[in-house]
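In what follows, a structure is listed as structure tokens, so that the remarks can point back to it.
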Amino acid sequence: MGIIRTALLTSIYGITGGVASVGAGMAYLAATTSLVDLTKNDSMFKTKTYARYNPKDNPSFQDVVIKRIPLSKLRPELRDNEEALTLEFCRGVWSRWGFWAQSKFHERYDKPPGTEGYLWHTSDLAVARYEPGLKFSNHFEVVSNEGNEIAVRCGGSPLQPGLRDSDGLIFFGAKIDREAQEAQLSLKSVLYSSSGSFAEGAGHPVPPKIVFLHKWYVRMLVQSAVANVKS
């Protein structure tokens with residue numbers, strides 16, 4: 001929780017000029033992004049990726065951040081290509097100011113033996129292809145890339161490939177609505193314990209403080225990525 005809190009506050013101070021309040025930064029994020037709770041009816045839960053990494057279908061916390069951008073404001077080469085738009089959106093999340101503080105924390109304090117082949121710098125994440133198997137910051141691994149949807153496993157180190165007490169998936173997607181002349185970027189998150197055992201009807205195990213920080217952090221990641229796709 002500490003690194004997420006630090007990353008969130010560092011970046012919010014940045015977008016408010018380092019003066020104003022954290023409240024002003026949160027108001028900015030709330031005004032520029034939409035966050036919606038997801039139900040188990042969402043298509044994310046029907047993917048092979050979800051079934052593989054939460055095989056017991058343990059209770060989870062899930063939501064989606066949505067950002068709509070007029071097509072006229074996108075880079076020209078992205079206006080008719082959902083796969084290219086999805087890739088640039090994913091690159092923007094991991095290579096810009098929203099993720100910078102967390103990436104630096106992991107690089108300095110969380111770089112154990114066995115992670116030499118991982119990506120650690122946002123400059124490398126800005127040009128990565130996000131093919132399955134890519135590991136970065138000892139906390140993330142690309143587990144699926146279907147072109148217009150990229151899935152990244154989170155919640156623990158890729159050094160632990162099996163079930164985990166703390167686990168999760170992030171799904172990046174982009175859709176182009178030519179009738180509305182806008183693009184919709186989405187970042188879906190699902191957090192759970194893949195290794196735990198739960199009674200029927202039990203709620204998700206994510207602590208309230210983590211839920212609160214998560215909701216603002218994912219908004220920040222999405223907003224920071226916008227500059228990567230705009231002209």
Side-chain angles (χ1 to χ4, degrees), residues 1 3-39 42-44 60-75 78-79 82 84-103 122 125-126 130 140 148-152 154-155 168-177 180-191 204 206 208-231:
M1 184 179 70
I3 178 54
I4 296 178
R5 181 176 184 275
T6 300
L8 177 64
L9 293 179
T10 299
S11 297
I12 285 181
Y13 284 138
I15 63 177
T16 56
V19 258
S21 62
V22 170
M26 288 182 167
Y28 169 78
L29 292 174
T32 54
T33 58
S34 299
L35 187 144
V36 180
D37 291 333
L38 292 176
T39 70
D42 189 81
S43 60
M44 172 177 65
S60 60
F61 165 74
Q62 59 274 339
D63 58 21
V64 58
V65 180
I66 297 170
K67 177 72 178 183
R68 293 180 173 86
I69 305 173
L71 293 184
S72 61
K73 293 188 176 181
L74 290 180
R75 288 160 42 189
L78 303 178
R79 294 173 187 172
E82 289 184 347
L85 181 57
T86 299
L87 177 60
E88 290 304 318
F89 171 46
C90 185
R91 284 172 168 171
V93 164
W94 302 120
S95 67
R96 291 190 174 266
W97 53 265
F99 184 61
W100 183 85
Q102 185 177 356
S103 71
T122 53
L125 293 168
Y130 292 89
F140 303 96
N148 62 349
E149 184 175 76
I150 298 171
V152 176
C154 60
L169 292 165
I170 306 169
F171 290 81
F172 298 87
K175 293 183 178 179
I176 295 172
D177 187 335
Q181 284 295 293
E182 69 176 18
Q184 177 178 294
L185 309 177
S186 64
L187 187 158
K188 296 180 181 180
S189 305
V190 53
L191 307 177
H204 68 74
V206 185
K209 287 184 179 180
I210 294 293
V211 170
F212 174 80
L213 292 172
H214 163 86
K215 285 178 176 288
W216 290 105
Y217 193 42
V218 289
R219 282 182 184 265
M220 184 180 71
L221 290 174
V222 169
Q223 185 58 32
S224 70
V226 170
N228 213 53
V229 302
K230 293 182 74 173
S231 56

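Of all heavy-atom pairs spanning Ile66 and Arg68, the tightest one is CG2-NH1, 3.8 Å. Considering every non-hydrogen atom in both Leu191 and Cys154, the closest pair reads CD2-SG, 4.3 Å. Nearest heavy atom pair, residue Val152 against residue Phe140, reads CG1-CB, 3.8 Å. Of all non-hydrogen atoms in Ser72 and Ser231, the two that sit nearest each other are O-OG, 4.2 Å. Closest non-hydrogen pair, Ala225 versus Val93, comes out as CB-N, 3.4 Å. Here the shortest heavy-atom pairing between Ser224 and Gly92 reads OG-O, 4.4 Å.
Formation of a donor-acceptor pair under 3.5 Å by the Arg91 side chain with backbone atoms of Asn228 is not found in this model. Tyr130 contributes no side-chain N or O that, together with a main-chain N or O of Ala151, makes up a donor-acceptor pair within less than 3.5 Å. The backbone N or O of Asp177 lies less than 3.5 Å from no partner atom in the side chain of Glu182, so there is not a single donor-acceptor pair. A side-chain donor-acceptor contact under 3.5 Å links Arg79 to the backbone of Leu74. Formation of a donor-acceptor pair under 3.5 Å by the Gln62 side chain with backbone atoms of Leu38 is found in this model. Panel note: side chain Lys67, backbone Gln223; no donor-acceptor pair is recorded below 3.5 Å.
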Practice problem: Please report the C-alpha distance between Ile210 and Phe61 in whole Å, then the side-chain angles of each, then the deciding distance to 0.1 Å, and finally whether the side chain to side chain contact (heavy atoms under 4.5 Å, CB included) criterion is met. | Solution: CA-CA 11 Å; Ile210 294 293; Phe61 165 74; over 6 Å; no
Self-check item: Step-by-step side chain to side chain contact (heavy atoms under 4.5 Å, CB included) determination, Met44 to Leu169
Solution: CA-CA 10 Å; Met44 172 177 65; Leu169 292 165; 5.9 Å; no
Exercise. List the steps and the verdict of side chain to side chain contact (heavy atoms under 4.5 Å, CB included) for Leu85 and Leu185.
Key: CA-CA 9 Å; Leu85 181 57; Leu185 309 177; 3.9 Å; yes
Quiz prompt | Working for side chain to side chain contact (heavy atoms under 4.5 Å, CB included), residues Val65 and Ser189 | solution = CA-CA 9 Å; Val65 180; Ser189 305; over 6 Å; no
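Distance CD/Gln181 to CG/Leu71: 5.0 Å, rounded to 0.5 Å. Note: Thr86 OG1 to Phe171 CZ = 13.5 Å, rounded to the nearest 0.5 Å. A distance of 11.0 Å separates CG in Asp63 from CG in Asp42, rounded to the nearest 0.5 Å. Interatomic distance, His214 NE2 to Leu35 CG, rounded to the nearest 0.5 Å: 7.0 Å. The distance from the CZ atom of Phe89 to the CG atom of Leu187 is 5.0 Å, given to the nearest 0.5 Å. Distance check: Met220 CE to Leu213 CG gives 10.5 Å after rounding to the nearest 0.5 Å.
Classified by interplanar angle (parallel below 30°, tilted 30° to 60°, perpendicular above 60°), the ring pair Phe172/Trp94 is perpendicular.
Residues Ser34 and Gln184 have side chains not in contact (no heavy-atom distance under 4.5 Å, counting atoms from C-beta outward).
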